[in-house]
Structure formats: C-alpha cells, structure tokens
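These numbers were taken from a predicted model, which means no experiment stands behind them.
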Amino acid sequence: MIKYQIETEEYCLYCPDTLKDIFLKILPSFEKKLKEYFLLFNIKKFRKIRINCFDDIQEFRNFIYDIRKEDTLPKYATGTYDEGMINFCVGNDNLKSRLLHTICHESFHIMYMELILNNDYSKRIIWYDEGMAQFCSGEFDFLNNIDKFKNFFDNIKNNTKSIPNMNQIKHGNTFCNDDYNGYYLSYLAVKYLSEILSEKEFRELMTDFDKIKKIGENVVTNAFEYYNNLLQSKKRI
C-alpha cells in the first residue's frame, strides 16, 4: 500500500515502505533531470509534482480507474500522468533504473502538457510526446553505444511489419500491436530528429504542431533510411 514518504519543493512521494530506501538513492538523479527540463522548457521553477509508485499492478490500475471513473487503460500501461501526477507500478527487474526512468519520463509528459500544450489534450501529438519523453528521460541512453544501438535498430526493423502514419496512432491497439511497437518507433523518430536538426531547431519544434504533423507523415521511413546509411558507413570504417 502506498503512503506519504518524502516531500521537497519539487515533489512529494507516495510509495510502499519497501521502496522508500531505493527512492532515496535515485532522487538526486531525478532532481538533476528536473534541472535539465527547466533549461529545455526555459523556466526557473515548476509546481510540486506528486509521485504515486505502486508495487501491485491491480492496485495501480484501480487507482487510475478511480481517477478516470472508467476502466480505460491499455493492458501494456504501467505508468500515467493522470491529474498531473506521476502514477506507475514497478516490478522487481532493474528496480532502481526503472524507478528513475519512469519518474523522469512521466515528468516530461506533465511539463510538456502544462507548459507547451497548455493542458489542451487535443493538441497532443502522441508519437512526438512519447518519443520526447523516452529520449529526454535518458531511459535509452545505453543506446549511445553504437553496437547496442545497431542491435536495437535491427530489432525494430525486423519486427516492424508495416510502417504507420505516426500522426494517426493512438494509445491502445494502434500504438502497440503485431505490426509495430509505437514506443520504439516514436523514440527512434525523435532520436533521428535530434541528429538532423540543430539544437535550436530541435527545441523550437516542441511548439510547432503543424511542422510536427508534417514530419510525422514520413518520419519513420526517413529514420530507417538515415540509420541504414549511417550504420553502413560506420561498418566500412
């Protein structure tokens, strides 16, 4: 059962007693990530964020159902930012990194929704928001190793049976299915954009919804071509 544990100016934490010590170890890294987000969004301060961490998946799902007043949550979902809170459930695998990456991931969603989308969910372009949350949170930083990235990229290519128009995918069956994994494609798309755009262009893209949608029409195809060529050229060196 989750309960109140820790509070600072930036966040307050609710989690089971069994997770408190692990959280104490990762919170400095989370605070460092928040400072990176402040720079990205060009702000000096943000409101306090509540973190709700569960170790029981059904308790987590019931918590979200109660907020939404309906049982609409994809089967694959283990984290949300309902009510402007970080809500998630963790398993026992890689617990420390899982906790850190999840709170960093959901924090990006919260800040983007409030600072860029002005809480207007209709403006949200899901592939871009999910890709940015994965890219900026650092959860895929291990792919900075070229060999690990090549394995990751090859796996995505081999398991993508059809390439969707990214602007049309929504959470549920159109996001993750037997034909493609929308999370991986979203991450790859944003990583690609980070490499072909200048830092200024990459930052300004966050607010240019029309440009994001235009890019989204062919971004996966373009990213596949870009990384195919890049990895082939590195192989020849």
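Side-chain atoms of T78 and R98 include a donor-acceptor pair closer than 3.5 Å. A donor and an acceptor atom, one from each side chain of H105 and Y81, are nowhere located under 3.5 Å apart. No side-chain donor-acceptor contact under 3.5 Å links Y184 and Q134. In this structure, a donor-acceptor pair under 3.5 Å is present between the side chains of N87 and N52. For the residue pair N159 and N155, a side-chain donor N or O sits within less than 3.5 Å of a side-chain acceptor on the partner. Under 3.5 Å, the side chains of E130 and H109 contain a donor-acceptor pair of N or O atoms.
Aromatic ring pairs are classed by plane angle as parallel below 30°, tilted from 30° to 60° and perpendicular above 60°; the pair F224 and F153 is perpendicular. Using a 30° and 60° split on the angle between ring planes, Y112 and F41 fall in the tilted class, from 30° to 60°.
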Return a table of donor-acceptor pairs under 3.5 angstrom between the side chains of residues 13-21 and protein atoms on other chains or two or more places apart.
{"from": "D17", "atom 1": "OD1", "to": "K3", "atom 2": "NZ", "distance (Å)": "3.2"}
{"from": "D17", "atom 1": "OD1", "to": "Q5", "atom 2": "NE2", "distance (Å)": "2.9"}
{"from": "D17", "atom 1": "OD2", "to": "K3", "atom 2": "NZ", "distance (Å)": "3.1"}

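Taking the ring axis of Y227 as reference, the NZ or CZ atom of K191 does not stay both within 45° of it and closer than 6.0 Å to the ring centre.
With sequence neighbours excluded, the residues forming a side chain to side chain donor-acceptor pair (under 3.5 Å) with Q58 are N62, listed by chain and number. Annotation: side-chain contact (heavy atoms from CB on, under 4.5 Å) contacts of E9 (sequence neighbours excluded): none.
A salt bridge does not link E217 with K213: none of the charged nitrogens is closer than 4.0 Å to a carboxylate oxygen. Look at R47 and E10 and you find no salt bridge, because none of the NZ, NE, NH1 or NH2 atoms lies under 4.0 Å from a carboxylate O. Salt-bridge formation is not detected for the pair K32/E36: no Lys NZ or Arg NE/NH1/NH2 atom is positioned less than 4.0 Å from an Asp or Glu carboxylate oxygen.
Only one option out of F135, Y183, F152 pairs with F140 in a ring pair (Phe, Tyr, Trp, His ring centres under 6.0 Å); it is F152.
Outside the 6.0 Å centre-distance limit, the rings of F209 and Y128 are not counted as a close aromatic pair.
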